[in-house]
Amino acid sequence: MERITRCDCHLHTNNSFDSETPAERVVERARELGIEYIAITDHCDILEWSDANIARSNAQASELNEKYHDITVLRGIELGEPLQSPEQTAIALGLCEYDFVLCSLHNIAGEEDFYYLHPNKEQAYDLIGRYFEELLEMVRWNEFDSLAHFTYPLRYITDRDGVQVDISRFHPIMKEILATLAANGKALEINTSGLRSPSGFLLPTVEYIRQFRELGGRYITLGSDAHVPEHIAVGMKEGIEAAKQAGFNCATVFINRQPTEIPFE
Ligand SMILES: [Zn+2]
Ligand SMILES: [Zn+2]
């Protein structure tokens, strides 16, 4: 079997509220696929996180990394909405040692997760605008390694609900976010979960990956955002192809918060 990818750095286990997969099952599936590096990135949505779950996730990643010698299991975290509670964020980041901090924004301040929202077109423009404003603040904050699913609201607004928005209206702030990320030496995630929904697109699409590169971005991480074993590495072929088209010749994994480049095959 031809290997799809050498790394997948966005994976959930039953230490996330929305997954039932034991961590060992994640590792088994990744080994079947010949993947060399995975990061377990359980949810830490900062307004409703569980210190017990994050500590367990971290400990399990360490144990599994010790147990298997043909795969590196990295201790990650998907830190959501960090600026909505700086106090809790400091506690979460101090709770464990992490290899990889993946930062995301699932809900803008005062709103529910985009997953639960069904805006009309006018509301969608307002929400997306506020999303990118908060994302820019998050990227300026800079206490993470990679920015997850940059175009997250589109997964639901355009792809699931079919509300058509002209995203070019947000290009100036999107460019500012990518430029800040690049200047800070942080990674942009290519999240392949969007490929599993009806119209199927990467989060973000190749044009933004290319723009990140042109703005001086050095690192990209690959994430399937799998919540079940069957989704591990799904879409990676397309994700890697987009990275190559954008001018990248490797993905990056973070070990002890330091970037290690993994050349594409
Ligand atoms: Zn996420
Ligand atoms: Zn996730």
Side-chain angles (χ1 to χ4, degrees), residues 5 7-23 25-26 29-30 35 37-50 53-54 56-58 60-61 73-84 89 92 98-109 111-117 127-128 131-132 134-135 138-139 144-157 159-160 177 181 186-197 201-204 208 220-236 239 253-254:
T5 181
C7 51
D8 187 341
C9 289
H10 189 157
L11 298 169
H12 294 275
T13 76
N14 57 10
N15 293 307
S16 290
F17 69 93
D18 54 359
S19 171
E20 294 177 358
T21 310
R25 184 72 197 95
V26 173
R29 178 62 184 154
I35 299 174
Y37 298 87
I38 58 168
I40 305 287
T41 54
D42 281 308
H43 284 296
C44 181
D45 286 332
I46 208 62
L47 294 182
E48 46 189 346
W49 70 292
S50 151
N53 281 13
I54 293 301
R56 198 180 308 115
S57 171
N58 196 277
Q60 290 175 351
V73 182
L74 299 164
R75 302 160 299 174
I77 184 174
E78 183 177 4
L79 181 63
E81 304 78 54
L83 300 187
Q84 293 179 22
T89 294
Y98 302 101
D99 288 300
F100 180 48
V101 176
L102 178 65
C103 206
S104 62
L105 185 60
H106 300 110
N107 65 280
I108 47 185
E111 301 283 352
E112 285 189 277
D113 191 318
F114 281 96
Y115 176 83
Y116 299 106
L117 302 180
L127 288 167
I128 296 169
Y131 169 81
F132 283 125
E134 192 169 331
L135 207 64
M138 216 170 80
V139 167
F144 62 91
D145 303 313
S146 183
L147 177 66
H149 44 59
F150 177 45
T151 49
Y152 179 76
L154 303 182
R155 185 197 272 178
Y156 302 110
I157 293 172
D159 203 30
R160 182 191 63 190
I177 292 166
L181 201 60
K186 302 300 179 182
L188 177 70
E189 180 191 58
I190 300 178
N191 184 299
T192 65
S193 69
L195 295 172
R196 302 195 292 269
S197 49
F201 47 77
L202 289 167
L203 302 169
Y208 302 106
I220 49 122
T221 62
L222 297 171
S224 66
D225 209 347
H227 290 66
V228 293
E230 298 72 37
H231 286 164
I232 295 172
V234 170
M236 285 293 170
V253 301
F254 285 81

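Whatever order the structure lists ligands and atoms in, that order sets their numbers, starting from 1.
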Any L181 side-chain heavy atom under 4.5 Å of F144 side chain: yes

Identity of the N, O or S atom of H106 lying closest to the Zn ion (ligand 1): NE2

CA sep, side-chain torsions, deciding dist, call: F17, H43, ring pair (Phe, Tyr, Trp, His ring centres under 6.0 Å): CA-CA 7 Å; F17 69 93; H43 284 296; 5.2 Å; yes

Centroid-centroid distance, F132 to Y152, less than 6.0 Å: no

Of the N, O or S atoms in D225, the one nearest the Zn ion (ligand 2): OD1

Any L79 side-chain heavy atom under 4.5 Å of I46 side chain: yes

Heteroatom test (N, O or S) for H43 near the Zn ion (ligand 1), limit 2.8 Å: no

The Zn ion (ligand 2) contact by H227, N, O or S atom under 2.8 Å: no

Heteroatom test (N, O or S) for H12 near the Zn ion (ligand 2), limit 2.8 Å: yes

Atom nearest to the Zn ion (ligand 2) - E78, N, O or S atoms considered: OE1

Aromatic ring pairing F100/F254, orientation class (parallel under 30°, perpendicular over 60°, tilted between): parallel

